[in-house]
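Notes follow once the structure below has been shown.
Throughout, residue positions are numbered sequentially from 1 according to the sequence presented. Predicted, not measured: the structure shown is a model, and the values here were computed from it.
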Amino acid sequence: MRSYLLCLFLLLQALSFACAEAKYATDADRTDDAKDDNFQADLVSARSNSPPAREPGADLVDAAVSELRKIYQPLHHQQRKKHGILGTVLQWVAKATPTFRISAPPVDGPKHVVTGPLLHAVKLLEESSQKNNSDALYILAELNFYGNFSHPRNFPAAFDYYQKLALLSGNSSALHMLGFMYSTGVGGAVERDQARALLYYTFAANRGHTRAEMTVAHRHHSGIGTPKSCDTAARYYKRVADKAVAWYRSGPPGGMGWIPESYRIADETGGIYGTGASASSAGMNAIKAHPNSDAYASIEDIIEYLDLMAQKGDFKAAYNLGRIYYEGQRGLDRDFDLARKYFFAVTQRFWKKGRVVENYKAGLDKTASKAAGYIGRMYMRGEGIEQNFDRAKYWFDRGIAHGDAQSQYGLGLMLLNGYGITKHVPRATELFKVAADQDFSLAQVQLGTLYLDQGHTDDLGAANHYFELAARYGNIEAYYYLAELNYAGVGRDKSCSVAVNFYKSVAEKAEPLVSSWAEANLAYEDGDHELAFLEYLGAAEQGYEKAQTNVAYLLDSEQSQLPFLQWLYQKSPRPVLLRNPSLALIFWTRSSRQGNVDSLVKMGDYYLHGIGTDLDVDRAVQCFTGASEYQQSAQALYNLGWMHENGVGLNQDYHLAKRYYDSALETNEEAYLPVTLSLLKLRLRSAWNTLTHGRINSIQDEPAPKKDWSISEWVANFLQDDNYYYDDLYDDLYDDTIGDAGLDDLDEAIFESLLIFGLAAALVVLVLYRQQRQQAARRREEERQRQEQGQGVRGNAVPPANRAAFQQPGDPDFGQWGIGGIGH
């Protein structure tokens, strides 16, 4: 009966969404709406643009928005600089130093009190919501969910506002948020229910909500709350990919440009388990650079150093600075003015008054042509300067004269589309071909598109080839074309799984369009971890593996850290919103299914200790074993060794424990100290087990394989080892700095080697000579015996047993005795 009522309730909700009035049908997705500034990103209008009439209470909403604008303060990236060892120590000391601050006991009641313009705006919005104004309902829901404008978070109230808005108009953003809250159970407003979550997500996706489409696609792709369905996942991912490519092509010539914001916050501190212990920062992923290299430097230090070198006349430093400011990166906004300044500084060293300077430095021609290509690109796209195709062509021509690939691509794009010049497809194709041969991905995509348009079998093969080349550099259009070709089976076998992966990559690359990565990173850098958690949670639901890791990391109560740091200072209590270990386990699991090895090890930790779930040692063993396959995770190998040593979930076996410890050290050299200490303790336990005749399998010496060598093999290996010894000795002592002073020692080493070789050769010659003499003496003896038998003289022969041990000179047997023929 209860299940029947639930189904009836869901059916009624579906009917209410389907029969919503047209004037409320417009999507109010704050991602799909145009964002003039960050304020508009927070206040997305949910009103319909179809009817000209305003909704009841619209004037109250406008007045509330005016009040909210008074208190709005946009967030900005904080320039964070890495601290050295001394700075880190001083930070710890500052945290450990008592403040001697006297404070009153905490007062019960809410932390945040709504006052001032915020209070006035909330009252206006509540009054408008009583008139069923969709904008007022949406804004109130956002205020209570995200805590915008310092409004206290109230998840049950937010759920009620979203639900009311969804029932009234079938608003896709409200439907998406209802699915989000049912999926995560965040804030305790509702219990987690993956079936209802998928239902609401699907309603929102079918109404065109981009994030909901991406979420539904991920759920069908990964089998979350529903059986896996590649066709369904491909259909929804294709919708998002189509929007992403359309958005990318809507930008200036060459496509939209943006700074990728997705990253794992744990990687800032060396990974989930810290530097050296995490698979993301150890083993094959470890930074194998010299301690003085720029691999460990912050971007601020690199810019400062390059600027200093550029001022001293280093044209390569000036060019690299221009690229840094042009492309930007997370935490460093793009600055086209500075980029153009440094690019011009390079070109002015090579071209003076329209002519190439004489006696220029080596390499300046190539660097200047690359800078010219960037300048032409900025003129063509209107980046930091007014768009001017004539100036763009001027700089592209300069770059092409010295073989710059970007200039070839830029002029080819102008010829292909007729930007400021007459269209000339054959010439454009030639330029694309030359640039593609230099492995320039943008030209490879354009050339692949031209081949694709021909439609012939050979042309389709060439198009696939160029798209695959461009995909190595993560080009969004190359991914999209490969997805389309695999999905339709054009030029290759049809493959739904491959197509889904490419569609997923296209969707995830269009971060500004489909995700909240920028808002999440800003909140995290600003110290608002709760808001960052909510924003990361939305991206995690869409299938971003890095966001899933971030959510689990923020919720993780067992983050690795040194014990003495906890003694130095007392950590502030975790917010209630971030105390949810069961949700952390969910996202560790989803992240691990997308290939994150450290997340798989974390899953094992949670099952081993019963964090967020019931204690399950068998599942922990499965997680550690999966993470240790192909020796990817030294931490997993170490954990398996510990389990074998202590008999936790596995048979207690000291010998197997030692093998796992040794494998952990082979995988990660930085595990030397913990592995060595564990092996020392293990050997002591194994020795005691042997002395007391315990039942545990003790450590046994591994049998070393032996090989019987011939004399020639022994001599060859001896000489080879001798050469290796001297090579290693001189490499370690002198490090390629041997001068004339070491020639005498080198000659002595060569002489010793030759002497040893000569003695060995003499020994071989003597052995061979002895064998020949023995054979000759044996033949003479046999000949003499035959002669004696022929003459019938047998009685005069002396038996061998009666012969003297030492023959005298002159005796017939003296020669045979001298070479060892008698008595041997």
Side-chain angles (χ1 to χ4, degrees), residues 26-38 40-41 44-45 49 172-173 205 207-214 217 236-262 326-328 333-334 336 374 376-389 392 406 409-410 412-420 423 428 432 441-450 452-453 467 470-471 473-484 502-519 542:
T26 300
D27 185 5
D29 184 4
R30 56 184 188 148
T31 302
D32 295 338
D33 290 340
K35 300 179 182 179
D36 295 332
D37 52 23
N38 288 334
Q40 293 296 333
V44 180
S45 174
N49 294 323
S172 62
S173 293
R207 298 178 73 84
H209 193 281
T210 305
R211 297 190 187 186
E213 289 173 335
M214 197 168 172
Y236 282 103
Y237 267 133
K238 177 174 168 54
R239 292 186 189 179
V240 184
D242 291 341
K243 294 179 183 179
V245 171
W247 168 79
Y248 172 77
R249 293 171 177 171
S250 67
M256 193 74 72
W258 69 95
I259 299 175
E261 293 283 349
S262 59
Y326 179 81
E327 296 172 359
D333 295 333
R334 304 175 74 183
F336 297 124
Y374 273 103
R377 177 181 176 86
M378 295 173 74
Y379 274 113
M380 180 181 68
R381 295 167 57 87
E383 294 174 325
I385 196 171
E386 185 179 354
Q387 192 175 45
N388 190 323
F389 293 123
Q406 181 163 223
Y409 161 76
L413 198 63
M414 294 177 67
L415 290 168
L416 180 65
N417 297 283
Y419 295 143
K423 286 187 178 182
F432 290 146
S441 62
L442 295 175
Q444 290 167 345
V445 171
Q446 291 296 332
L447 195 59
T449 305
L450 292 173
L452 187 62
D453 290 340
F467 291 145
Y473 299 96
N475 186 280
I476 187 173
E477 282 194 298
Y479 282 159
Y480 180 73
Y481 280 119
L482 288 173
E484 294 280 84
F502 279 121
Y503 280 137
K504 183 175 187 292
S505 298
V506 173
E508 291 184 351
K509 278 187 172 296
E511 294 174 4
L513 175 70
V514 303
S515 71
S516 57
W517 273 105
E519 293 85 353
Q542 294 172 242

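- Residues Met380 and Leu413 have side chains in contact (heavy-atom distance under 4.5 Å, counting atoms from C-beta outward).
- The aromatic rings of Phe467 and Tyr481 sit parallel, their planes meeting at an angle under 30°, below the 60° perpendicular limit.
- Atoms OG and CZ, from Ser172 and Arg207 in turn, are 7.0 Å apart once rounded to the nearest 0.5 Å.
- Atoms OH and NZ, from Tyr480 and Lys238 in turn, are 4.5 Å apart once rounded to the nearest 0.5 Å.
- With hydrogens and angles left out, the side-chain atoms of Glu508 and Tyr479 include no donor and acceptor closer than 3.5 Å.
- Within the 4.5 Å cutoff, side-chain heavy atoms of Met214 are placed close to those of Tyr237.
- Nearest heavy-atom pair, Asp333 versus Ile259, reported as atom, atom and distance to 0.1 Å: CA-CD1, 4.1 Å.
- Between Trp517 and Trp258, the ring centre distance reaches or exceeds 6.0 Å.
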List the steps and the verdict of side-chain contact (heavy atoms from CB on, under 4.5 Å) for Glu477 and Thr449. CA-CA 10 Å; Glu477 282 194 298; Thr449 305; over 6 Å; no
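- The distance from atom CD of Glu213 to atom CG of Asp242, rounded to the nearest 0.5 Å, is 9.5 Å.
- Proximity of a side-chain donor or acceptor of Gln542 to a complementary backbone N or O of Val514 within less than 3.5 Å is detected.
- Contact of the Glu327 side chain with the Tyr374 side chain is registered, since non-hydrogen atoms from C-beta on lie closer than 4.5 Å.
- Considering CG of Asn417 and CZ of Phe389, their distance stands at 9.5 Å, rounded to 0.5 Å.
- Side-chain contact between Lys509 and Tyr248: absent, with no pair of heavy atoms (C-beta onward) separated by less than 4.5 Å.
- Atom CE of Met378 sits about 6.5 Å away from atom OH of Tyr326, to the nearest 0.5 Å.
- A heavy-atom distance below 4.5 Å is not found between the side chains of Met414 and Pro253.
- Listed for the Glu261 side chain is no donor-acceptor partner under 3.5 Å among the backbone atoms of Ala518.
- Residues Ile385 and Tyr379 are in side-chain contact: their nearest non-hydrogen atoms beyond the backbone lie under 4.5 Å apart.
- Rounded to the nearest 0.5 Å, atoms CG (Leu442) and OH (Tyr409) are 4.5 Å apart.
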